[in-house]
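Numbering of ligands and ligand atoms starts at 1, following listing order. For the single chain, residues carry numbers from 1 onward in sequence order.
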Amino acid sequence: MSLDLFGNVQGLNRLAKRRLKNLYRKREPLHSLVTVETARQLLDLSKEIGRQVGILVTRRGTIEYVIVGDRERIKIPKLSSARLGRARFRGLRLIHTHLNGELLTKEDLTDLALLQLDLVACLSEDKGLGGEVVHVGYLVPQNRKDALWDFLGPMPVKELHIDFMDFINDLEDEFVKARGFQYEIDGERERCLVVSVPPREMGFDLDEHLAELAALCESAGVEVKDVVIQRIKQPDPRFLIGKGKLEETIIRSQQMGIDLLLFDRELSPSQIRNISSITELKVVDRNQLILDIFARRAKTKEAKIQVELAQLRYILPRLGERDVAFSRLTGGIGGRGPGETKLELDRRRIKQRISYLEEKLEEIRFVRARKREKRKASSIPVVSIVGYTNSGKSTLLNVLTGSSVETGERPFSTLNPTSRLIRYPYSRSIILTDTVGFIRNLPSVLLEAFLATLEELNDADLLIHLVDASDKHFEEKIVEVDRILSLLKITEKKKILVFNKIDRVDRTFIHRLEERFDCVAISCLRKEGLVALLERIEREIAHSFFPVELA
Ligand code: GDP
Ligand code: MG
């Protein structure tokens, strides 16, 4: 424990400093929120130096910090996040003086909530009420009342007869119950709150945008608990949205047991740093979410390295000054680091890792270029499904492989979840693989990483290009998929265009599609058209894989 004083200590004489430091020797009785003696001592010191004085007290009654403010306010030092869990408070309570007899302020309550303090108490002098008066604020779960917090007092300290230990334990239990979970299970999906800041363009379809984002979260194994839609005239250069709104959002998230704040657009490096500096929640923007999905889906060694490189390059300028920020950013989503790395990296180590990976990439490319020529012709044909996120790729994979029991769950939860063997027809096998989905408005900085994850398509014998027939933008998307495939130089592969979700469009529309395109129309939902699709697959690969045996 350090014996430093925190805050504004300039202009204090030595005696005052010593008396303040002596507070560190105190130990509050376990069951007392604050004793009359401590209250008296703080008020006297405060009056003497004409400033607010505060202490942060642990559950054991020891004093972790003594803080000196000015007349109006006190600033809490950066606290270690060690004790911070999902359902628990920080295990520190703030007890501080007010010089002008005012009650708890909005600022006090914001600190309480943002820092997840056990409670915050202010002490003041009131002759009428009999000397030392205390006003206590504490957080309450969402279902208890509309407000975020509740109060004890103001009342004389000597009449504060609560047992602090019971009080705080009961309160924590109440939070745990309200959130509906007891313990964090390893590998449990992260609980996320989406902060959506829709652009003010004409014709922007918010529902469609949010559906896409939800699909991305699904792919990243993130559970969206709530969406806050924030319309702004001008993005705030520091926090994207207004600071007050941000604080409110953070507090609400904490109350809901959220782990992750996801912004649905790109945050500048300084915005991420600023937002991270006022909350312990993980702060992630859309690009990081997408990179995380790529990291999960990358299969080849080269793709994994490329994606990790992209992640590290993205993170580097976004690292804050504080250690915690490092681990939060480099912790990735779901506690995973970039790529396969689980390390907490600092700037220097990130730079080292980047150059290591760059070298490694060179090596692999060299070796692979020679290997590719003698790629063995596998005896089992590989069929890969490509298409935009949300077109139904995972659903199709599940339906065709008969593992549809898993629909609705995270489709990528097993070891090699995106490749399955189907035996159809006549007990012949094909390997069906799902690929990372195409994403609308893919930022150009992510293009290379995206292409890397699609590298596996080189090994496919046939592509299924899946299109959501009910999507207004389906034509643009078809063109875009073809464009990317040509970037990958795999245009010469056989391809079947498949329209999915025909249950959502009318018959005539389907007929027109069938006239215009050489395609198969299906509905995974109603299991329509699947036999036709399988027959078509069969036809396309029959020549290369199932030579007709002559008797
Ligand atoms: P992916 O991102 O391409 O893997 O798409 P998903 O397989 O996750 O499906 C996206 C959404 O479309 C899910 O909500 C599915 O339930 C839904 N979906 C898939 N196939 C159909 C279909 O044939 N009809 C309808 N109405 N919805 C479907
Ligand atoms: Mg999918």
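In terms of polar-atom proximity, defined here as any N/O pair under 3.5 Å, Thr389 makes no such contact with ligand 1. Considering backbone and side-chain atoms together, Lys501 places an N or O closer than 3.5 Å to an N or O of ligand 1. Residue Leu525 places at least one N or O, backbone or side chain, under 3.5 Å from an N or O of ligand 1.
Under a 4.0 angstrom heavy-atom cut-off, Ala215 registers as lying outside contact with ligand 1.
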Let's go through Glu515 and Arg512 carefully: what are the C-alpha distance in whole Å and the side-chain angles of both, what is the deciding distance for salt bridge (Lys or Arg N to Asp or Glu O under 4.0 Å) to 0.1 Å, and is it a yes or a no? CA-CA 5 Å; Glu515 275 166 26; Arg512 254 183 288 141; over 6 Å; no

Under the salt bridge (Lys or Arg N to Asp or Glu O under 4.0 Å) rule, what do Glu540 and Arg536 come out as? Steps first, then yes or no, please. CA-CA 6 Å; Glu540 295 290 348; Arg536 179 73 187 271; 3.1 Å; yes

After noting the C-alpha distance and the side-chain angles of Glu480 and Arg483, does the key distance pass the salt bridge (Lys or Arg N to Asp or Glu O under 4.0 Å) rule? CA-CA 5 Å; Glu480 179 62 11; Arg483 188 181 74 87; 3.1 Å; yes

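Residue-ligand proximity, Tyr388 to ligand 1, at heavy-atom distances under 4.0 Å covers atoms 3 (O). When each atom of ligand 1 is checked for a heavy atom of Cys524 under 4.0 Å away, the hits are 20 (N), 22 (C), 23 (O). Listed by number with element, the atoms of ligand 1 under 4.0 Å from a non-hydrogen atom of Asp503 are 22 (C), 23 (O), 24 (N), 25 (C), 26 (N). Remark: ligand 1 atoms within the under-4.0 Å shell around heavy atoms of Arg504 are 26 (N). Listed by number with element, the atoms of ligand 1 under 4.0 angstrom from any heavy atom of Lys393 are 1 (P), 2 (O), 3 (O), 4 (O), 5 (O), 7 (O).
Counting only distance, with no hydrogens or angles, the side chain of Ser196 and the backbone of Val228 share no donor-acceptor pair below 3.5 Å. Judged purely by atom type and a 3.5 angstrom limit, Asn287 has no side-chain atom pairing as donor or acceptor with the backbone of Glu266. Asn500 contributes a side-chain N or O that, together with a main-chain N or O of Cys524, makes up a donor-acceptor pair within less than 3.5 Å.
Residues Phe474 and Tyr388 place their aromatic rings such that the two centres sit no closer than 6.0 Å.
Counting heavy atoms under 4.0 Å from ligand 1, residue Thr395 touches it through both backbone and side chain. At a heavy-atom cutoff of 4.0 Å, ligand 1 is contacted by no atom of Asp468, backbone or side chain.
Proximity annotation for atom 1 (P) of ligand 1: of Val399, Asn398, Leu216, Asn390, Asn390 comes nearest, heavy atoms only. Compare Ser394, Gly392, Ser391, Ser219 by their heavy atoms: the one nearest to atom 4 (O) of ligand 1 is in Ser394.
Screening Arg313, Lys351, Arg353 for a salt bridge (charged side-chain N to carboxylate O under 4.0 Å, His left out) involving Glu358 leaves a single residue, Arg313.
One finds a salt bridge joining Arg516 and Glu475 here, because a Lys/Arg side-chain nitrogen approaches an Asp/Glu carboxylate oxygen to under 4.0 Å.
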